[in-house]
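A short worksheet on the structure shown next.
Below, chains carry the letters A, B, ... as their sequence lines are ordered, and counting in each starts from 1.
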Amino acid sequence: MISETPRVRFAPSPTGYLHVGGLRTALYNYLFAKKNNGTFILRIEDTDRNRFVEGAIDNLIDSLKWCGLNFDEGPQVGGDFEPYLQSERLYLYHKHALQLIDNGHAYYCFCTPDRLEKLREEQQRLKLPQAKYDKHCCSLSKETVAENLNNNLPYVIRLNVPSNLKVNFNDIIRGDVEFDSNNIDDQVLIKSDGYPTYHLANVVDDHQMKITHVIRGEEWLSSTPKHILLYNFFEWEKPLFAHLPLLLNADRSKLSKRQGDVAVEDYRGKGYLKEALVNFVALLGWNAGDDVEFYQMESLIEKFSLERVNKSGAVFDLEKLKWLNAEHLRKKSADELLTLLKLELNESEYNNVNLSDDYLLSIIEVMRERVSFVKEFITNCKYFYEQPNEFDEAAITKNWNPETPGQLKLLNDVFSILNLPTREDYEIALAKVALELNIGKGKLIHPLRLAVSGQSTGAGMFDLLYILGKEEVLKRINSAILRINQTT
RNA sequence: GGCGCGUUCGUCUAGAGGCUUAGGACGCCGCCCUCUCAAGGCGGAGAUCACGGGUUCGAAUCCCGUACGCGCUACCA
């Protein structure tokens, strides 16, 4: 019954940015499509004129593309079912709404917002189990309807939900789900401004665009029976449904802006790699059944299946995202990191400092195991970009003794006669001085690190010396001796 | 309130009736490595599988009930 190659869609409403929950939904749709040689479609559900946000569509597409989720059909790229903006497809919805009216499955409703509100209040007062529209306009005569229409009375078109009907469907993730039609309201299909509601537009478009699998968030599960009813009334073949678990805040409420970042662009701005974000979000509600947690897009496509998607909501845990970011960082080639580092450098306080690619590559080589973010190639080791401005207080207390300046001076003298020293040359020279002074190497290395970098942590000592170069090292040692003595 | 969905270490999860003294990962703690910090290796703490009943020789796994959480209940999606 389902055509061989699946057609799936991500259908966001353009409210300003791509939510990470939306990213997860889009990703699962994408993975499912790619895995099965199917088509991934982007459709914009912009039927709520009150929530229109300027630039939201471009922003959404930018975020999607940044994550590597390229769509086969949609705005900008086109396709056989254009247009892909619902606001440009109004004629279609009207045509089908009218068809429903002709068949008695929908009806014009002229009730004012005022009456609807009073109705709701009354139902609440009586504590009725289910608050629904009372079908007041369903029984209007053809003549009355024609007259009202003629007089340009505002109207909506409502779905005529039959009573005492079991509506059920099989959800790929949740199994059999059944609803009683007595609990389903006569949903508005066409609003008084002429725009369709989600329910109508969604069903019409999914059918017209030949969507085979509807993969969407759990918040739609409760309205699926309305969609089922519509498919039945139109006598259309139904797609398969898969309702995804929600993404949650730490307190298990639905992931929200108040408790942290929810937009893909927020994470992008904070320096997370797209590979890490995608990997992380893929694992929120899905796993392959093995112990693998590190995934690139290709391996996700290979392993993904809807059958292995979980039913329960997942908390968005920044710690694990950070870990994955570090993992992906380490897997990147030096050249790739160089490109990213240069980009980051341009945005930093060192945008005027001119450093060779070789110098930056050296930093990458010695720091890549020590950073979680690209920007930490700068912030965790500023000493590679400038002479230290200040010296770590705790390290001074711990490693700077009255005899330190003399020892460093000796070290400086020995270093100064080295000719184009290698890492090993520095190490041998330092060992020699330590022996001469009859102290452990560590007794020299700690103050030396402090003098050269201002910190007590960082790259290996001899890597550090080698990368900085002899002249810079000598300069920094001398400078540190003067400055640290002043402060102590 | 009604309807629906869910509930395994703090978090993400494995688990499809006996393979489970419930496994892995992040985080946390310790040890090793070591010039520091990381990375890596090894180890540890951490889940009476929400609770209560069944079914069964045997249940985290099947059934029922309860509790709790979440979603929907709009002329929002």
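- A distance of about 26 Å separates the C1' atoms of B:rG58 and B:rU13, rounded to the whole Å.
- Atom name C1', nucleotides B:rU61 and B:rC72: the rounded distance is 30 Å, in whole Å.
- B:rG46 and B:rC12 have their C1' atoms separated by 15 Å, given to the nearest Å.
- In terms of position along RNA chain B, the nucleotide closest to A:Glu293 lies nearer the 5' end than the nucleotide closest to the other residue of the pair A:Pro12 and A:Glu293.
- Nucleotides of RNA chain B that come within less than 4.0 Å of any heavy atom of chain A span, from the 5' end to the 3' end, B:rG1 to B:rA77.
- With sequence neighbours excluded, the residues satisfying side-chain contact (heavy atoms from CB on, under 4.5 Å) with A:Ser256 are A:Asn249, A:Arg258, A:Gln259.
- For residues 273-294 of chain A, the salt bridge (charged side-chain N to carboxylate O under 4.0 Å, His left out) pairs, not counting sequence neighbours, are A:Glu275-A:Lys332, A:Asp290-A:Lys303, A:Glu293-A:Lys320.
- With P as the reference atom, B:rC49 and B:rU11 are 16 Å apart, rounded to whole Å.
- Residues satisfying the salt bridge (charged side-chain N to carboxylate O under 4.0 Å, His left out) criterion with A:Arg216, sequence neighbours excluded, are absent altogether.
- The P atoms of B:rU8 and B:rG54 are separated by 24 Å, rounded to the nearest whole Å.
- By the 4.0 Å N-to-carboxylate-O rule, A:Asp317 lies too far from A:Lys322 to be salt-bridged with it.
- Take A:Asp261 and apply the side-chain contact (heavy atoms from CB on, under 4.5 Å) test, not counting sequence neighbours, and it matches A:Asp266, A:Tyr267, A:Lys270.
- Of the C1' atoms belonging to B:rC51 and B:rG40, the separation is 44 Å, rounded to the nearest Å.
- Applying the side-chain contact (heavy atoms from CB on, under 4.5 Å) test to A:Val53 and every residue at least two apart in sequence or in another chain returns A:Ala56.
- For the pair A:Leu221 and A:Leu128, both in contact range of RNA chain B, the more 5′-proximal nearest nucleotide belongs to A:Leu128.
- Spacing of P atoms, B:rG52 relative to B:rA59, comes out at 14 Å, to the nearest Å.
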